[in-house]
Amino acid sequence: MEQAERKRINTLLWQWGTALEDCERRREEIRRLMAQAEDATCVLRAQALTAMPRGSGVSDPTAAAVRMKDDALQRVAVLTEEINAIMARKVKMDAVIGMLPESRQTLLDLRYKRGMGLTTQIPMRMHISERTAFYWRDEILDYLCSFLQDICGNI
């Protein structure tokens, strides 16, 4: 397996391992943006109720509130698409990883979800040698290489 392929698979595994946290960060941003859009809507309602602004043009605060709401809702749409893409890729990875022996799945969980190191933490936790941990990791990378195009396309 080429070095570029190993790097791509490693990137995929880190993305898989942090997918839920990445989605939660995006959901938090969506909540913040929805609150911002609601604030802008309140400003617009208040201006409509008070018949403000008076005159023929749109006031700067009104235009700013409309822009703020539109920008927030557009960003929410982008974040929602990103969450859907992340979760679709995670589901594919889960299916492929689910075909591995339990010991290999445990190694992937410890390494890419919990961030443990291959030199001491994982071997101690799994009661294996450092050499075995690296061998299993290389074995997993070779296995995942055959599924790479189906899972990630052009990452």
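Just so you know, these numbers use all the heavy atoms, side chains as well, and skip hydrogens, waters and symmetry mates. Note that the numbering runs from 1 along the sequence shown for the chain.
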Next item on the list: Determine the minimum heavy-atom distance between Gln105 and Leu100, stating which atoms define it.
Entry: NE2-O, 2.7 Å

Item checked: Glu2 with Arg8: basic N within carboxylate O range, under 4.0 Å -> no

Notebook entry, point to check: Would you find a donor on one side and an acceptor on the other, under 3.5 Å apart, between the side chain of Ser129 and the backbone of Thr132?
Noted result: yes

Notebook entry, point to check: Around atom CD of Glu21, are there more than 12 heavy atoms of other residues, nucleotides or ligands at under 6.0 Å?
Noted result: yes

Next item on the list: First locate atom CG of Leu144, then atom CZ of Arg104, and finally report the distance between them rounded to the nearest 0.5 Å.
Entry: 12.5 Å

Check: In Å and rounded to the nearest 0.5 Å, what is the CD1 to CG distance from Ile140 to Leu107?
Finding: 5.0 Å

Margin query: With clusters defined by side-chain heavy atoms of hydrophobic residues (ILVMFWY) lying less than 4.5 Å apart, directly or transitively, does Leu79 cluster with Leu20?
Written below: yes

Check: Is a donor on one side and an acceptor on the other found under 3.5 Å between the side chain of Arg111 and the backbone of Met116?
Finding: yes

Next item on the list: Tell me, yes or no, whether the heavy-atom count around Phe134 atom CZ, taken from other residues, nucleotides or ligands under 6.0 Å, exceeds 12.
Entry: yes

Next item on the list: Search all heavy atoms of Leu33 against all heavy atoms of Ala72 and return the closest pair with its distance.
Entry: O-CB, 3.6 Å

Check: With the 4.5 Å side-chain cut-off for hydrophobic clustering, are Trp136 and Met99 part of the same group?
Finding: yes

Checklist line | Criterion salt bridge (Lys or Arg N to Asp or Glu O under 4.0 Å) on Lys90 and Asp94, from CA distance to verdict | finding: CA-CA 6 Å; Lys90 184 181 182 322; Asp94 285 342; 2.9 Å; yes

Margin query: To check you understand the geometry: which heavy-atom pair defines the closest contact between Met87 and Cys23, and what is its length?
Written below: SD-SG, 3.6 Å

Note to self: Any carboxylate oxygen within less than 4.0 angstrom of a Lys/Arg side-chain nitrogen, looking at Glu38 and Lys69?
What the structure shows: no

Margin query: Determine whether a donor-acceptor pair (N or O, by modelled atom type, separation under 3.5 Å) exists between the side chain of Gln121 and the backbone of Gly117.
Written below: yes

Check: Is the closest basic N to carboxylate O distance between Asp138 and Arg6 below 4.0 Å?
Finding: yes

Next item on the list: Would you indicate whether Arg125, at its atom CZ, is surrounded by more than 12 heavy atoms from other residues, nucleotides or ligands within a distance under 6.0 Å?
Entry: no

Notebook entry, point to check: Do side-chain atoms of Glu130 reach the backbone of Thr120 as a donor and acceptor pair under 3.5 angstrom?
Noted result: no

Checklist line | Atom pair CZ (Arg137) and CG (Asp142), whose distance is rounded to the nearest 0.5 Å | finding: 10.5 Å

Next item on the list: Would you name the heavy atoms of Ala133 and Leu118 that are closest together and state the gap between them?
Entry: CB-O, 3.9 Å

Notebook entry, point to check: Which pair of heavy atoms, one from Ser103 and one from Met126, lies closest together, and at what distance?
Noted result: O-CE, 3.2 Å

Checklist line | With Met124 via side-chain contact (heavy atoms from CB on, under 4.5 Å) - residues at least two apart | finding: none

Item checked: Flag side-chain contact, heavy atom, 4.5 Å: Arg67 against Asp70 -> no

Next item on the list: Say whether Leu141 and Tyr135 are linked into one hydrophobic cluster, either directly or through other cluster members, by side-chain heavy-atom distances under 4.5 angstrom.
Entry: yes

Note to self: Using the rule that Ile, Leu, Val, Met, Phe, Trp and Tyr join whenever any side-chain heavy atoms are under 4.5 Å apart, tell me whether Trp14 and Met93 fall into a single cluster.
What the structure shows: yes

Next item on the list: Decide yes or no for Ile30 and Ile83: does some side-chain heavy atom of the first lie under 4.5 Å from some side-chain heavy atom of the second?
Entry: yes

Check: Within the side chain of Tyr143, is there an N or O that forms a donor-acceptor pair under 3.5 Å with the backbone of Val96?
Finding: yes

Item checked: Heavy-atom pair of closest approach, residues Trp16 and Leu108 -> CZ3-O, 3.9 Å

Next item on the list: Just jot down the side-chain contact (heavy atoms from CB on, under 4.5 Å) partners of Asp109, sequence neighbours excluded, or say none.
Entry: Lys113, Arg114

Next item on the list: Pick out which of Arg27, Arg26, Arg89, Arg25 makes a salt bridge (charged side-chain N to carboxylate O under 4.0 Å, His left out) with Glu82.
Entry: Arg26

